[in-house]
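Read the numbers this way: they start at 1 and go in the same order the structure lists the ligands and their atoms.
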Amino acid sequence: MLDLKRQYAPLHEELLEAVGQVLQTQQFILGEPVAAFERAAQEQLGVAHAVGCSSGTDALWLALAAAGIGPGTAVVTTPFSFFASVSAILRAGAAPVLADIDPASFNLSPAAVESVLNRLDVRGVRAILPVHLYGQCADWGGFFRLGQERGLTLIEDAAQAWGAEWDGRKAGSLGDAAAFSFYPTKNLSAAGDAGMVTTNRDDLAERVRMLRQHGMRNRYHHDEVGWNARLDGLQAAILHVKLKYVDGWNHARRTVARRYHALFRAAGLAECAAYPAHGVVLPHEVAGTRHVWHQYAIRTRRRDALRDFLSVRGIGSEIYYPVPLHMQEALKSLGYAEGAFPEAERASREVLALPIFPELREDEQQTVVAAIAEFLS
Ligand SMILES: Cc1ncc(COP(=O)(O)O)c(C=O)c1O
């Protein structure tokens, strides 16, 4: 599914030197390694503030808490994402409200959000939290309009979308604030857990910095109850090195995605429909966006059998996500029943993410597509 050794091999010396530097200076938590990475990240994304933190989950919580989302408020998000998109809302003390996805992009649908906002029984909504799923920006035109019309805060879950763009603007610079994850499988990855909040709002940046250090503005003077959500110097040093390469890696991911498209079409497997019949529905780049292909997720009918077939042949694949969030045991208390979000539920039965990473070779992709062709025949 992912061979990180291929990324590490050419960077080995450079990474060791960066790590060695931190060991020499002993700046293990925050300090200059983190500040230097934050400055470089700000510049690359074109945002006013980038604040490193301990994980993508903490970045979501920090962004929500800094924006004043807490008890008595509600946040609208998607049922088709990683668990943290919803659990961070609960951790902030707010109520998650879900709306269905657009079946073509798998992203939260602005139209579905609008109908949820129009419901009389939905009260207290203060924010929308769209996820840029699989590396493609959510429909920001729609969310921006809703935010303006209804006075709502927009928080991007950009965990999977470092470098992605919507209408020429980078993910992380679109909303009031954004959360990134540098979990080792992400497009820009640490050697452990790490995350970042980005924002163009000075007030939010200041609050995020305060909340990531137990609510301290001045040492041992706690203005609010924050948390320990700081970024390590070692992770920042590693991320700072990798930041120089991530544009190139995203470019390579785009090439890999184009090659999959071509191979599936050449094999006669690609179906031009919203849902699969006998072949596969390919993922696509929505007009006006720049997809960074964190995942290449096809849709197919006999998905589980296909996954077993590939696995027997030593081909990795993954299901992101097999259980929509409203059907998770831990989120039963949200009160949604099966059938509440038909598009998310259907996607969870049909999606299969195929191997994709910058160093994936064409012959390996041919093997993947040939195996899928054999299964479907
Ligand atoms: C969409 C999404 N949101 C949030 C997170 C949480 O990030 P982390 O694992 O760094 O806490 C992830 C990553 O796993 C993710 O994919």
Side-chain angles (χ1 to χ4, degrees), residues 1-2 4 37 41 50-65 69 75-92 96 98-99 101-102 105-108 127-138 143 154-164 171-172 174-175 177-198 208 212 227-232 235-236 238-239 242 253 283 291-297 318-326 328 330-331 344 347-348 351 353 356-357:
M1 205 35 202
L2 170 64
L4 272 173
F37 169 55
V51 186
C53 65
S54 40
S55 69
T57 305
D58 281 335
L60 281 170
W61 171 73
L62 284 166
L64 290 162
I69 305 298
V75 179
V76 185
T77 192
T78 168
F80 195 59
S81 180
F82 179 61
F83 187 68
S85 306
V86 164
S87 67
I89 297 170
L90 290 166
R91 167 84 176 77
L98 304 179
I101 59 168
D102 163 26
S105 68
F106 304 108
N107 275 325
L108 182 64
I128 308 174
L129 195 154
V131 180
H132 303 320
L133 201 74
Y134 300 154
Q136 170 151 260
C137 285
F143 293 119
L154 300 181
I155 310 264
E156 300 166 64
D157 182 338
Q160 304 183 1
W162 189 278
L174 304 172
F180 287 97
S181 164
F182 304 127
Y183 182 78
T185 59
K186 299 293 195 260
N187 289 31
L188 175 61
S189 63
D193 274 315
M196 176 169 269
V197 177
T198 58
V208 169
R212 80 172 163 176
W227 207 245
N228 171 5
R230 301 174 299 228
L231 178 59
D232 287 2
Q235 298 301 347
I238 287 167
L239 286 161
K242 291 192 175 185
R253 284 174 179 275
H291 202 319
V292 290
W293 300 100
H294 172 59
Q295 299 300 341
Y296 187 93
E318 194 50 86
I319 301 167
Y320 305 108
Y321 295 92
V323 182
L325 295 174
H326 64 289
Q328 293 285 350
L331 299 175
S348 72
V351 290
I356 189 163
F357 51 95

Taking side chain to side chain donor-acceptor pair (under 3.5 Å) as the definition, give me every residue that meets it alongside Gln235, ordered by chain and number, with sequence neighbours left out. none
When the ring centroid of Phe37 is compared with that of Phe182, is the distance short of 6.0 Å? yes
Could you pull out every protein residue that has a heavy atom closer than 4.0 Å to ligand 1, ordered by chain and then number? Ser55, Gly56, Thr57, Leu60, Ser81, Phe82, Ala84, Ser85, Val131, Asp157, Ala159, Gln160, Ser181, Lys186, Tyr321
Return the set of residues passing salt bridge (charged side-chain N to carboxylate O under 4.0 Å, His left out) with Arg253 (not counting sequence neighbours), or none when no residue passes. none
Non-hydrogen atoms of Thr57 and Ala88 that approach each other most closely: O-CB, 4.2 Å
Would you check if the side chain of Asn107 reaches a backbone N or O of Leu133 as a donor-acceptor pair within less than 3.5 Å? yes
Holding to side chain to side chain donor-acceptor pair (under 3.5 Å), I want the full list of residues that pass it with Asp58, two or more places apart in sequence or in another chain. Ser54
